[in-house]
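As structure tokens, the structure follows; a few thoughts come after it.
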There are 2 protein chains.
Amino acid sequence: MTVTIKDVAKAAGVAVGTVSRVLAKNKTVSEEIRIRVEEVIRELGYTPNSLGRNLRLNKTDLIGLVIPDITNPFFAELAKHVEMLASAEGYSVLLANSHDDPAAEQQQVQTLLGRLPSGLILVPVSESRIGDLVSGRNTVTVDRPLKGQTLVGVDNRRGGYLAADYLLSLGHRRLGYMGGPQMLDVARERYEGFLSRIQAFQQRHPGQSLAVQTVDGNFDYKAGEELGNRLLRQEHPPTAIATASDQQAIGLMRAAADVGLSIPDDLSIVGFDDIPLASLVLPRLTTIRQPLAEIARIALDAILNRPSATTECKLEPVLVERSSTRAWSAR
Amino acid sequence: MTVTIKDVAKAAGVAVGTVSRVLAKNKTVSEEIRIRVEEVIRELGYTPNSLGRNLRLNKTDLIGLVIPDITNPFFAELAKHVEMLASAEGYSVLLANSHDDPAAEQQQVQTLLGRLPSGLILVPVSESRIGDLVSGRNTVTVDRPLKGQTLVGVDNRRGGYLAADYLLSLGHRRLGYMGGPQMLDVARERYEGFLSRIQAFQQRHPGQSLAVQTVDGNFDYKAGEELGNRLLRQEHPPTAIATASDQQAIGLMRAAADVGLSIPDDLSIVGFDDIPLASLVLPRLTTIRQPLAEIARIALDAILNRPSATTECKLEPVLVERSSTRAWSAR
DNA sequence: CTGTTAGCGCGTTCAT
DNA sequence: ATGAACGCGCTAACAG
């Protein structure tokens, strides 16, 4: 039998209201009684039943988190930060994977909303049709936008721009770009940012030769390897490649090794995200860092403080220089 | 204002009990009334409040999942499988990280239990003091044991044994073992299994020289790198190393590269777990595979079908041969 | 400062 | 077959 607030009250010789006040850290409780109640609570191993509390208050301390795939290190990192911050505030997180499938996403969101969470943190899939479902439901989207919802993420155009800028400054003139799924805004924005820097260069240096090849596909390791092979197995492969994710970059490293290219001597690589693994691969990966801890903090803040306005928060990405990139001089 | 079962009852001119029966698809409701009630429900856009229901039934459709760290690819994979299976059965999963900290774990478990989940899937930390908390609470532990609780995991001794057996068969005679935190049963068992094979070899071949060096630390990438440096930066480093996790193995690869050792020519490595990344690193990692999908399935099954017995389910690990290992002949 | 009590929304038992 | 009433565990309002 589980122990309820009533049992505590009886054991401590007080009324349930008093116990409730102790739990709520209400100051209008005498020191003496507070101590006694707290002692009894510990003795009986009492845990407040959140169902009762939630029903009474008509709200839960649950945060829904819907992401494409928890095994993606980027989302795992996001989930970790969200969970840490949430539990520090007394909230628990309901995790659901959408597997980048609109139908699955709709199902997951619907189920989670039925559990009356205080808020929903969402990384929407493309072609998401959940706009109606979440409208007016205290939702924040992260990483990817959803019409009418607050978005917290990084300035992806700026990130793509930084990658191109860096590779150009290193002297590379045969560039490759490995994009994410072009149906995703994030993927397109990163690519556009990359291109915009390229075009600016071409306008300033009309004479110089500058070649850019582009491929795109999923964000994961496997896509990185496959797309890498497409990019590298040709007559004049790029001397530097920027990718739309670190996972792609790591897959690309694999492909480069299979082709016999050494990094960074024959090929420079710039990733995107700065997942934990980026600083451990061989060689350590230069990448565009997303301030994920801050993204999580802002997202949760928006959820818990319920800011009425639908805003858009674009954080600044940062280039992290490591060992997968190197200056290039014409050979 | 949200519409409750009472509103529906009033609008339909019936009692709340009747509406409840319609919702429960109870057959003891006349066709006529059922139709009318269902119509009113649609008109008012009524959705049952799960809080009230849960409080009344004293149970939820929630599964608690407490793991050390979701950014560990092994646990991320576990979480993914658990979530997929759970949502297919209409359950949602509450995720909590313990950060391998007994106090945090206790806090998390307590919070989750307060939400009255249908069951709890737990990867306990060492020195866990939550035995009392979860006793009689429909709990299953995964990967690591907790006294008095059903355990689903792999036969770790067998896994360690397989690694040693494989390296010996390859001709290696200077071996290294990189263990996990020795306070963890899993870590000790893998090591013991490794040693048991070594000792068997020594007994059968008393004349042959055979050296084993051991280090241990955390399961993560960083520990792998640090411990790797300890193992490799000495006069006669091992020619083959078995690790207690793939993350360690990948960190070890880093260390080997820094020392100037090439894999598998100068050093063979066998990992443990077979995380997705294992087949993508350079070179692809030979490892002891844990059948994680099956582990998740069995664990969830145990939770949902509430088998009374406290059992122990040890699955068979499998050696996956890839490119990080190679035969060794005395030089 | 503390005890008492009325619901929060729902499922179920007991009448009818 | 249906209605009425109770109580799940809790908080807040009110009374003392």
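Throughout, a chain's letter reflects where its sequence line sits, starting with A, and its residues are numbered from 1.
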Inset, instruction - Between B:Leu23 and A:Gly52, name the one whose nearest nucleotide on DNA chain C is closer to the 5' end. - result: A:Gly52
Inset, instruction - Mind checking B:Leu57 for me? I need base, sugar-phosphate or nothing, with any heavy atom below 4.0 Å counting as a touch. - result: sugar-phosphate
Inset, instruction - Check whether any side-chain N or O of B:Arg53 sits under 4.0 Å from OP1 or OP2 of C:dG11, and answer yes or no. - result: yes
Legend entry - Under-4.0 Å side-chain N/O to phosphate OP1/OP2 contact, B:Thr4 with C:dG9: no
Inset, instruction - May I ask you to say what A:Asn58 touches in the nucleic acid, namely base, sugar-phosphate or nothing, with a heavy-atom cut-off under 4.0 Å? - result: nothing
Inset, instruction - Could you tell me whether A:Arg289 and A:Asp274 have a side-chain N and a carboxylate O separated by less than 4.0 Å? - result: yes
Inset, instruction - Using whole Å, report how far CG of A:Asn54 lies from C1' of D:dG9. - result: 11 Å
Inset, instruction - Provide, to the nearest angstrom, the distance between the NZ atom belonging to A:Lys10 and the P atom belonging to D:dC10. - result: 14 Å
Inset, instruction - Look at B:Thr18 and D:dG3 and indicate whether a side-chain polar atom (N or O) is within less than 4.0 Å of OP1 or OP2. - result: yes
Inset, instruction - Take the protein atom CG of A:Leu51 and the nucleotide atom P of C:dG7, then report the distance between them rounded to whole Å. - result: 22 Å
Inset, instruction - Report yes or no: do A:Thr150 and A:Glu312 form a side-chain donor-acceptor pair below 3.5 Å? - result: no
Legend entry - Whole-Å gap separating P (D:dC10) and CD1 (A:Ile41): 10 Å
Inset, instruction - Report the distance from atom CG of B:Leu55 to atom P of D:dC8, rounded to the nearest whole Å. - result: 9 Å
Inset, instruction - Taking only the side-chain nitrogens and oxygens of A:Ser30, find out if one of them lies under 4.0 Å from OP1 or OP2 of C:dC1. - result: no
Legend entry - Gap between atoms NZ and P, on A:Lys6 and C:dG3 respectively (whole Å): 16 Å
Inset, instruction - Compare the minimum distances between each of D:dA5, D:dC10, C:dG3 and the side chain of B:Val16, then state the nucleotide with the smallest one. - result: D:dA5
Legend entry - Test: B:Glu38 and B:Arg42 ion pair at under 4.0 Å: no
Legend entry - Candidate nucleotides C:dG11, D:dG3, C:dG3, ranked by approach to the side chain of A:Val14 - the nearest: C:dG3
Legend entry - Carboxylate-amine/guanidinium proximity below 4.0 Å for B:Glu31 and B:Arg34: yes
Inset, instruction - Check the distance between C:dT4's C1' and A:Ile5's CD1 and give it to me in whole angstrom. - result: 14 Å
Inset, instruction - Classify the side chain of B:Arg21 versus the base of D:dG3 as yes if they form a donor-acceptor pair under 3.5 Å and no if they do not. - result: yes
Inset, instruction - Could you state the atom-to-atom distance from CZ of B:Arg56 to P of D:dC6 in whole Å? - result: 13 Å
Legend entry - B:Ser20 side chain, from C-beta outward: closest of C:dC8, C:dG3, C:dT12: C:dT12
Inset, instruction - Measure from the side chain of A:Tyr46, starting at C-beta and using heavy atoms only, and say which of C:dC10, D:dC10, D:dT2 lies closest. - result: D:dC10
Legend entry - A:Arg144/A:Asp100 ion pair, N-O < 4.0 Å: yes
